[in-house]
Amino acid sequence: SLRTMSFRGTFQEFCRRFMNDKLGYGSWFEHVQEFWVHRMDSNVLFLLYEDMHKNLAGTVELLVRFLGVSYDKTQMESVIEHCHQLVDQYCNAEALSIGRAHRLIELKT
């Protein structure tokens, strides 16, 4: 949420400042661009929010393979459920109200 980033203001104001590099911690775009050139390096893994949102289980599997971690089905299900709980906990209605709605959609399918 915006509060965890110590930002006080509306989501719209945050977006305007973000797009114009007017936040105190520098340009997100420059930060990502510095690493983008290394995206094919074997020790760099880019994870996209959109991919996590569409297929959390697949993204978690990609991450554990990248890290070389072994897991069983129960552990995987536990990690995915914990991630859903974090989304529910940290997505507030003012910023990105996707947590609960996304979880409900998933349960229906």
Side-chain angles (χ1 to χ4, degrees):
S1 79
L2 298 178
R3 285 174 281 183
T4 60
M5 295 187 299
S6 301
F7 179 80
R8 304 283 185 246
T10 66
F11 183 65
Q12 289 76 17
E13 182 181 338
F14 174 83
C15 286
R16 279 193 299 277
R17 294 180 80 185
F18 176 82
M19 295 301 291
N20 293 306
D21 295 332
K22 301 291 184 192
L23 295 171
Y25 39 82
S27 168
W28 176 84
F29 301 101
E30 288 178 16
H31 169 74
V32 171
Q33 188 176 26
E34 290 174 8
F35 284 92
W36 188 249
V37 297
H38 298 285
R39 69 188 178 279
M40 302 308 282
D41 294 0
S42 63
N43 63 339
V44 175
L45 175 65
F46 264 83
L47 298 176
L48 303 177
Y49 170 81
E50 294 82 2
D51 294 341
M52 289 186 271
H53 186 67
K54 289 178 189 172
N55 182 4
L56 181 60
T59 303
V60 172
E61 285 185 42
L62 181 66
L63 178 60
V64 296
R65 278 196 311 267
F66 175 78
L67 296 172
V69 176
S70 60
Y71 61 92
D72 62 30
K73 183 179 177 182
T74 303
Q75 290 169 317
M76 176 64 87
E77 289 170 354
S78 177
V79 166
I80 292 167
E81 181 57 33
H82 182 71
C83 289
H84 283 299
Q85 289 172 3
L86 288 174
V87 168
D88 285 347
Q89 182 179 350
Y90 290 108
C91 285
N92 65 39
E94 179 188 350
L96 299 170
S97 58
I98 56 113
R100 295 187 193 290
H102 176 68
R103 187 74 173 121
L104 290 173
I105 291 168
E106 221 174 56
L107 292 173
K108 289 181 181 180
T109 58

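Everything numeric here is computed off the predicted structure, so don't read it as measured data.
- Without hydrogens or angle criteria, Arg39 side chain to Trp36 main chain gives a donor-acceptor distance under 3.5 Å.
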Hey, can you pull the donor-acceptor pairs under 3.5 Å for the side chains in residues 62-80, sequence neighbours left out?
unit_1	atom_1	unit_2	atom_2	d
Asp72	OD1	Thr74	N	3.1
Asp72	OD1	Gln75	N	2.7
Gln75	OE1	Asp72	N	2.8

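- A donor-acceptor distance shorter than 3.5 angstrom exists from the side chain of Asn20 to the backbone of Arg16, with no hydrogens or angles considered.
- In terms of heavy-atom proximity, His38 sits nearest to Val44 at O-CB, 3.4 Å.
- Taking the six-membered ring where the residue is Trp, the centroids of Phe29 and Phe18 are separated by under 6.0 Å.
- Between Glu81 atom CD and Leu86 atom CG the span is 10.0 Å, to the nearest 0.5 Å.
- The distance from atom NE2 of His53 to atom CG of Leu48, rounded to the nearest 0.5 Å, is 13.5 Å.
- Taken to the nearest 0.5 Å, the NE2 atom of His84 stands 5.0 Å off from the CG atom of Leu56.
- Expressed to the nearest 0.5 Å, how far CG of Leu45 lies from CZ of Phe35 amounts to 13.0 Å.
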